[in-house]
Colleague: 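First the structure, which I've put down as structure tokens, then a few questions once you've had a look.
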Amino acid sequence: MIISSADFGKGFQWGVSTAAYQIEGAYQKDGKGPSIWDQFTSVKGNIQSGHHANNACDFYHRFEQDIDLMRYMGIKNFRLSLAWTRIFPEGRGRVNRKGVEFYHRLFDYCLEMGIEPWVTLYHWDLPYALELKGGWTNRDIIYWFQDYIAFCIKQFGDKVKHWMIMNEPMVFVGAGYFLGVHAPGKKGLGNFLPAVHHATLAQAAGAEAVRAIASHAEIGTTFSCSYIEPYSHRMKDVNAAIKVDALLNRLFIEPTLGLGYPLKELKALNKIEKYVKAGDESNMKVDFDFIGIQNYTREIVKFAPMVPLIRAKLVKARNRGVKTTLMGWEVFPPGIYKMLKKFDAYSDIKKIIVTENGAAFNDTLSMNKVIDESRVNYLKDHIAQVLRAKKDGVKVEGYFVWTFLDNFEWAEGYHPRFGLVYVDFQTQQRIVKSSGLWYKNFLGHNGLAN
Ligand code: GCO
């Protein structure tokens, strides 16, 4: 089936997604303070091949050329994040004017080029100064976060209409405060549970701050999600899948809808109650204008008696003989359809935007070209499933490719390339891949005329 962007209708928002730490570089430029990722990447053994994002794609100095390229590709919506420590080097208190000016220049240039900025307020780069006070495990973060957000909205609220409070709380809390594989490298339930609860409260407090200052703003937040299926029809596997689904797909969305944490399915998290104070339940609820979902794959779950707390494990795609990306994630396009249906079934979600979907493959540069047919097929097949959901009546109103440029992929460093545009990290040369040309063609006039 050949589909075009026009099949989605005029109002559908097409774009690309990025994150500050993954592209900006200039990690100490113009008064920027250190974030937990600057710190984490400086410790040997934390990141594959010792990579870091001190320079990354040097977007800080090259944003004009990159936005020109976006315009050339017909991309109308650009999701990016603010680096908290460019604005407040110590996380709170002293403002760094040069950092603020950078984002003003960036937004001005986007608007001049007819590109709408969609801004994530928190894409994981917590100020290191705040981590020294406990980071997400310290309840005071609710107020630090709210103050940071209020400042940003007062500064940029006239230029930015679409705000996302957080990027994937489950991932930064799970990988950063339970598994210790992402910054700040903390482990265990004693860190995880308070971080879950404070992130949930901060997300709501942040949304409230945006609403109070910019009543016209469109406010959302973004959640990671994977379609979960049991390994077999045995009850043990089915129950294991229910638990993993609650953990990966429901833990953060449900409290924002007023449904509380899914503790019935996640008894292991019962101790979270220790961190819950009177009145918190209602303060977790948020009236979001849209929910961003970020989907890449499907997970198959098996009962595993030896795994503490959850007694379940993911069966690696590589052991299942299915097609995978370079991240080892199964390529399973119907998964995005299933997740759109699942989120749409919550009665209080007004609108869904796919704020990330994409894939890393083994891209190679040959004669100044990158022929990435696997990525073209991945995008085509997933976009077709988004259209299928839309035709079923799902309230999905936008789709953003992860990502524009090859960039720093967290613990995996620069090895997985997710971009529509290839980056030579030695010279900072950009080369639009076949997938980028395909997206340009797919957007066609719809891209700029929307
Ligand atoms: C995330 C982030 C992105 C990643 C992307 C690919 O979802 O982890 O939003 O920063 O780079 O998802 O893993």
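If you're wondering where the values come from, they're calculated on a predicted model, not measured in any experiment.
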Colleague: Do the side chains of E265 and K243 get close enough for a salt bridge, i.e. N-O under 4.0 angstrom?
Modeller: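 Here E265 does not pair with K243 in a salt bridge, since their nearest N and O are not under 4.0 Å apart.
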Colleague: Does any donor atom in the side chain of R388 or Q385 lie under 3.5 Å from an acceptor atom in the other side chain?
Modeller: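 Yes, because at least one side-chain N or O of R388 sits under 3.5 Å from a partner of the opposite role on Q385.
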Colleague: Evaluate the criterion salt bridge (charged side-chain N to carboxylate O under 4.0 Å, His left out) for residue pair E64 and R105; output intermediate values, then yes/no.
Modeller: CA-CA 9 Å; E64 293 187 348; R105 280 187 282 126; over 6 Å; no
Colleague: Measure the acute angle between the ring planes of H123 and W410, then classify it against the limits of 30° and 60° as parallel, tilted or perpendicular.
Modeller: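 H123 vs W410 ring planes: parallel.
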Colleague: If the condition is side-chain contact (heavy atoms from CB on, under 4.5 Å), which residues does S347 pass it with, not counting sequence neighbours?
Modeller: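 Applying side-chain contact (heavy atoms from CB on, under 4.5 Å) to S347 gives none.
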Colleague: Determine, stepwise, if the pair Q13 / Y399 fulfils side-chain hydrogen bond (donor to acceptor under 3.5 Å, both in side chains).
Modeller: CA-CA 6 Å; Q13 317 263 19; Y399 174 94; over 6 Å; no
Colleague: So that I know where these two stand, are W438 and F442 an aromatic pair - ring centroids less than 6.0 Å apart?
Modeller: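 Yes; F442 has its ring centre under 6.0 Å from that of W438.
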Colleague: Would you say S232 and D237 are linked by a side-chain donor-acceptor pair, where the criterion is simply a distance under 3.5 Å?
Modeller: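 Yes - a donor-acceptor pair under 3.5 Å links their side chains.
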Colleague: Thinking salt bridges, do D372 and R417 make one under a 4.0 Å N-O criterion?
Modeller: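 Salt bridge flag = no for R417 with D372.
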Colleague: Is D58 reaching over with its side chain to a backbone N or O of G25, donor-acceptor style, under 3.5 angstrom?
Modeller: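 No, because the side chain of D58 does not come within donor-acceptor range (under 3.5 Å) of the backbone of G25.
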Colleague: Indicate whether any N or O donor in one side chain lies under 3.5 Å from an N or O acceptor in the other, for Q203 and T221.
Modeller: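 A donor-acceptor contact under 3.5 Å links the two side chains.
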Colleague: Backbone N or O of F40 within a donor-acceptor pair of the N46 side chain at under 3.5 Å?
Modeller: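 Here the side-chain-to-backbone pair exists.
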Colleague: If we check salt bridge (charged side-chain N to carboxylate O under 4.0 Å, His left out) with E330, which of these qualifies: R318, R320, K316?
Modeller: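 Filter result, single survivor: R320.
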Colleague: Looking only at side-chain N and O atoms, does Y296 offer a donor or acceptor that is under 3.5 Å from a partner on N357?
Modeller: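 Side chains of N357 and Y296: no pair found under 3.5 Å.
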Colleague: For the residue pair R375 and F361, would you count it as a cation-pi contact if the rule is NZ or CZ under 6.0 angstrom from the ring centre and within 45 degrees of the ring axis?
Modeller: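 Here R375 fails the 6.0 Å and 45° test against F361.
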Colleague: Got K433 and D363 here, is their nearest side-chain heavy-atom distance under 4.5 Å?
Modeller: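 Side chain of K433 against side chain of D363, heavy atoms only: contact under 4.5 Å found.
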Colleague: Is any side-chain heavy atom of W163 less than 4.5 Å from a side-chain heavy atom of L121?
Modeller: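 Yes, side chains in contact.
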Colleague: Going through the distances and angles, do D125 and Y27 end up as a side-chain hydrogen bond (donor to acceptor under 3.5 Å, both in side chains)?
Modeller: CA-CA 11 Å; D125 42 357; Y27 78 123; over 6 Å; no
Colleague: When you measure from the side chain of R430 to the backbone N and O of V423, does any donor-acceptor pair fall under 3.5 Å?
Modeller: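 Flag not set: sc R430 to bb V423 has no pair under 3.5 Å.
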Colleague: Checking salt bridge (charged side-chain N to carboxylate O under 4.0 Å, His left out) against E218, which of K350, K161, K351 comes through?
Modeller: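 The passing option is K351.
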Colleague: Within a strict 4.5 Å, meaning less than it, do heavy atoms of the V119 and M164 side chains meet?
Modeller: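 A side-chain contact is absent here, since even the closest heavy-atom pair is not under 4.5 Å.
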Colleague: Looking only at side chains, do Y109 and D68 share a donor and an acceptor under 3.5 Å apart?
Modeller: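 Y109 vs D68: donor-acceptor pair found between side chains.
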Colleague: Could you check whether any side-chain N or O of H51 sits under 3.5 Å from a backbone N or O of Y414, counting only pairs where one atom can act as donor and the other as acceptor?
Modeller: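 Checked: pair present.
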Colleague: Mind checking whether F107 and F156 have parallel, tilted or perpendicular rings, split at 30° and 60°?
Modeller: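 The rings of F107 and F156 stand perpendicular, inter-plane angle above 60°.
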Colleague: With distance as the sole test, does N191 use its side chain to make a donor-acceptor pair with the main-chain N or O of Y177 at under 3.5 Å?
Modeller: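 Absent.
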Colleague: Taking E229 first and then R298, would you say they form a salt bridge - that is, a charged N and a carboxylate O separated by under 4.0 Å?
Modeller: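 Salt bridge: yes.
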Colleague: Using modelled atom types and a 3.5 Å cut-off, is there a donor and acceptor pairing between side-chain atoms of T403 and backbone atoms of S17?
Modeller: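 Flag set: sc T403 to bb S17 pair under 3.5 Å.
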Colleague: Side chains of D245 and N249: any donor to acceptor distance under 3.5 Å?
Modeller: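 N249 vs D245: donor-acceptor pair found between side chains.
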Colleague: In terms of ring plane angle, is the pair F145 and Y122 parallel, tilted or perpendicular, where the classes change at 30° and 60°?
Modeller: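 F145 vs Y122 ring planes: perpendicular.
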Colleague: Does a donor on one side chain and an acceptor on the other come within less than 3.5 Å for Y337 and H382?
Modeller: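 No pair is found: no donor N or O on one side chain lies under 3.5 Å from an acceptor on the other.
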Colleague: As a quick check of understanding, evaluate side-chain hydrogen bond (donor to acceptor under 3.5 Å, both in side chains) for Y21 and T85, giving each step before the final call.
Modeller: CA-CA 11 Å; Y21 187 67; T85 57; over 6 Å; no
Colleague: Verify, without hydrogens or angle tests, whether T222 (side chain) and E168 (backbone) share a donor-acceptor contact under 3.5 angstrom.
Modeller: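 Yes: the side chain of T222 pairs with the backbone of E168.
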Colleague: Would you call the rings of W124 and H182 parallel, tilted or perpendicular if under 30° counts as parallel and over 60° as perpendicular?
Modeller: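 Because their plane-to-plane angle lies in the 30° to 60° range, the rings of W124 and H182 count as tilted.
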Colleague: Under the criterion salt bridge (charged side-chain N to carboxylate O under 4.0 Å, His left out), I'd like the reasoning laid out for K76 against E116: C-alpha separation, chi angles, the key distance, then a yes or no.
Modeller: CA-CA 6 Å; K76 268 295 272 174; E116 188 78 29; over 6 Å; no
Colleague: Tell me whether the rings of W402 and F418 are parallel (<30°), tilted (30 to 60°) or perpendicular (>60°).
Modeller: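 Perpendicular: the ring planes of W402 and F418 meet at over 60°.
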Colleague: Between F59 and F78, what is the ring plane arrangement, given parallel below 30°, perpendicular above 60°, and tilted in between?
Modeller: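 Ring orientation, 0 to 90° scale: perpendicular.
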Colleague: Give a yes or no answer on whether the side chain of S35 reaches the backbone of W37 with a donor-acceptor pair at less than 3.5 Å.
Modeller: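 Yes: the side chain of S35 pairs with the backbone of W37.
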Colleague: Just to verify, what does Q48 make a side-chain contact (heavy atoms from CB on, under 4.5 Å) with, not counting sequence neighbours?
Modeller: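 Counting only residues at least two positions away or on another chain, Q48 forms a side-chain contact (heavy atoms from CB on, under 4.5 Å) with E412, H415.
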Colleague: When you measure from the side chain of Q22 to the backbone of F408, do you find a donor-acceptor pair of N or O atoms at a distance under 3.5 Å?
Modeller: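 Yes, Q22 side chain to F408 backbone: donor-acceptor pair under 3.5 Å.
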Colleague: Just checking, is any N or O donor in the side chain of Q294 or N167 under 3.5 Å from an acceptor N or O on the other one?
Modeller: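 Judged by distance alone, the side chains do pair up.
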Colleague: Are any of the side-chain nitrogens in R86 or E24 under 4.0 Å away from the carboxylate oxygens of its partner?
Modeller: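 Looking at E24 together with R86, the answer is yes, because their closest N to O distance falls below 4.0 Å.
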Colleague: Is any NZ, NE, NH1 or NH2 atom of the basic residue among D38 and K32 found under 4.0 Å from an Asp or Glu carboxylate oxygen of the other?
Modeller: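 Result for this pair is yes, salt bridge flagged.
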Colleague: Report yes or no: does Y231 contribute a side-chain atom to a donor-acceptor pair with the main-chain N or O of V238 at less than 3.5 Å?
Modeller: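 Not a single qualifying donor-acceptor pair exists.
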Colleague: If we count only N and O atoms by modelled type, under 3.5 Å, do the side chains of Y227 and N295 hold a donor and an acceptor together?
Modeller: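 Checked: Y227/N295 side chains show no N/O donor-acceptor pair below 3.5 Å.
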Colleague: For Y422 and Q429, which I'm curious about, is there any donor-acceptor pair between the side chains at under 3.5 Å?
Modeller: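 Not at all, the side chains of Y422 and Q429 share no donor-acceptor pair under 3.5 Å.
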Colleague: Distance to the ring centre below 6.0 angstrom and angle to the axis at most 45 degrees; does that hold for K186 and F178?
Modeller: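 K186 over F178 ring: no.
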Colleague: As a test of understanding, state which of W118, F12, W14 forms a ring pair (Phe, Tyr, Trp, His ring centres under 6.0 Å) with F400.
Modeller: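 Of the listed residues W118, F12, W14, the ring pair (Phe, Tyr, Trp, His ring centres under 6.0 Å) partner of F400 is W118.
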Colleague: Does the side chain of Y346 reach to within under 4.5 Å of the side chain of I291, using non-hydrogen atoms?
Modeller: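 Contact flag for Y346/I291 side chains = no.
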Colleague: Would you say R79 and T355 are linked by a side-chain donor-acceptor pair, where the criterion is simply a distance under 3.5 Å?
Modeller: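 Per modelled atom types, T355 and R79 side chains form no pair under 3.5 Å.
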